[in-house]
Amino acid sequence: MKSLYCSGDKAFAEFLTEEIKEEKKIQKSKSLPKMSGGWELELNGTEAKLIRSLSGEKVTITFNVNNSIPPQLEEEPEQTQKSQEEEPDIVSTPNFVVEVTKSGAKNSLVFDCHFPEDEVGHGDGEEESDIFTIREVSFQPEGEEDWKETSYTLNTDSLDWALYDHLMDFLADRGVDNTFADELMELSTALEHQEYIKFLEDLGTFVKCK
């Protein structure tokens, strides 16, 4: 049985070696792209934090690259041959949480933000340039990872557009705007690809016969 396992594992390891080579070929850079605006980056595996302090406020952005790649749409049969030659770029669009903390305030103001799949803005066309949306807003204890269910959470699905626009402006004034969102996607995409290559390398090491 051991030789049978090793035969399959050897083929698996050889496949992974070639896959890693191909992934490294398309890797733009081994170093992660920099964020403009004075954000400090902290990494913990697949979770990333961007921190910025300014004028008595601290803004913390938290996101995780796991499950951040949107599902690929199935191509039409006649387009399959072309798509094999020119595969679309894979872009990581993670949900991200913005925590704004003010000195002297009891709680942080927390925004749950998403990249909508259709990238449609909020409102009647005026906000179509917004590439991310606010889903929920709540006051939460500073640094809490999980939202307290007992704290009121404002869902933006049925929110007055004027209030929503002010919330978006509030974030933009703190550096969380379309430019930030674009750079966040670039950072997340590079981080996800980096973690994917590392996973393939660890998998290759794991399946190698001893």
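Hydrogens, waters and symmetry mates are skipped; everything else that's a heavy atom, side chains included, is used.
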Of the non-hydrogen atoms in [X] and [Y], which two are nearest, and what is the gap between them?
X	Y	result
F132	A181	CD2-CB, 3.7 Å
F180	I61	CZ-CG1, 3.7 Å
P70	T93	CG-OG1, 3.4 Å
Y196	E19	OH-OE2, 4.0 Å
I69	V91	CD1-O, 3.8 Å
S108	T101	OG-OG1, 2.9 Å

Distance in Å, [X] [atom1] paired with [Y] [atom2], rounded so as to fall on 0.5 Å steps:
X	Y	atom1	atom2	value
T179	M35	OG1	CE	10.0 Å
F139	T153	CZ	OG1	11.5 Å
I134	L167	CD1	CG	5.0 Å
R135	D157	CZ	CG	7.0 Å
T62	D112	OG1	CG	11.0 Å
E22	I197	CD	CD1	11.5 Å

### Message
Please evaluate residues E99 and K49 with respect to the criterion salt bridge (charged side-chain N to carboxylate O under 4.0 Å, His left out), reporting the C-alpha separation (whole Å), side-chain torsions for both, the decisive distance (0.1 Å), and the verdict.
### Response
CA-CA 11 Å; E99 180 182 11; K49 284 188 177 183; over 6 Å; no
Taking only distance into account, with no hydrogens and no angle test, what donor-acceptor pairs under 3.5 Å do side-chain atoms of residues 39-47 form with protein atoms, sequence neighbours excluded?
unit_1, atom_1, unit_2, atom_2, d
T46, OG1, N64, OD1, 2.8
T46, OG1, N64, ND2, 3.4
T46, OG1, N66, ND2, 3.3

### Message
Using the salt bridge (charged side-chain N to carboxylate O under 4.0 Å, His left out) criterion, which residues pair with E57? Sequence neighbours excluded.
### Response
K102, R174
Sidechain-backbone polar pair: [X] side chain, [Y] backbone, donor-acceptor under 3.5 Å:
X	Y	answer
T189	S92	yes
Y164	T133	no
R52	G37	yes

#### Entry: Any pair counted as salt bridge (charged side-chain N to carboxylate O under 4.0 Å, His left out), so long as it reaches residues 183-195, sequence neighbours left out
none
### Query
Heavy atoms, side chains only, cut-off 4.5 Å: are N178 and D130 in contact?
yes
### Task
State, yes or no, whether a side-chain contact exists between V65 and S188 at a heavy-atom distance under 4.5 Å.
yes
### Task
Evaluate side chain to side chain contact (heavy atoms under 4.5 Å, CB included) for E18 paired with K21, printing each intermediate quantity in order.
CA-CA 5 Å; E18 292 303 312; K21 287 180 182 177; 3.6 Å; yes
### Message
Using the rule ring-ring contact (aromatic ring centres under 6.0 Å, His included), only one of F63, F115, F111 pairs with F96; which is it?
### Response
F115
When you group the ILVMFWY residues by side-chain heavy-atom contacts below 4.5 Å and let the links chain together, are [Y] and [X] in the same group?
X	Y	result
V98	W147	no
V137	F170	yes
L191	I26	no
L54	V176	no
L159	V110	no

### Query
If you measure from the Lys or Arg side-chain nitrogens to the Asp or Glu carboxylate oxygens, is any gap between K198 and E201 under 4.0 Å?
no
### Message
Counting only heavy atoms from other residues, nucleotides and ligands, does the tally under 6.0 Å from CG of N67 exceed 12?
### Response
no
### Task
Give the intermediate values and the outcome of side chain to side chain contact (heavy atoms under 4.5 Å, CB included) for residues L171 and C113.
CA-CA 11 Å; L171 290 180; C113 300; 4.2 Å; yes
### Message
Pair L50, L187 - check side chain to side chain contact (heavy atoms under 4.5 Å, CB included), show working.
### Response
CA-CA 11 Å; L50 293 164; L187 172 62; 4.1 Å; yes
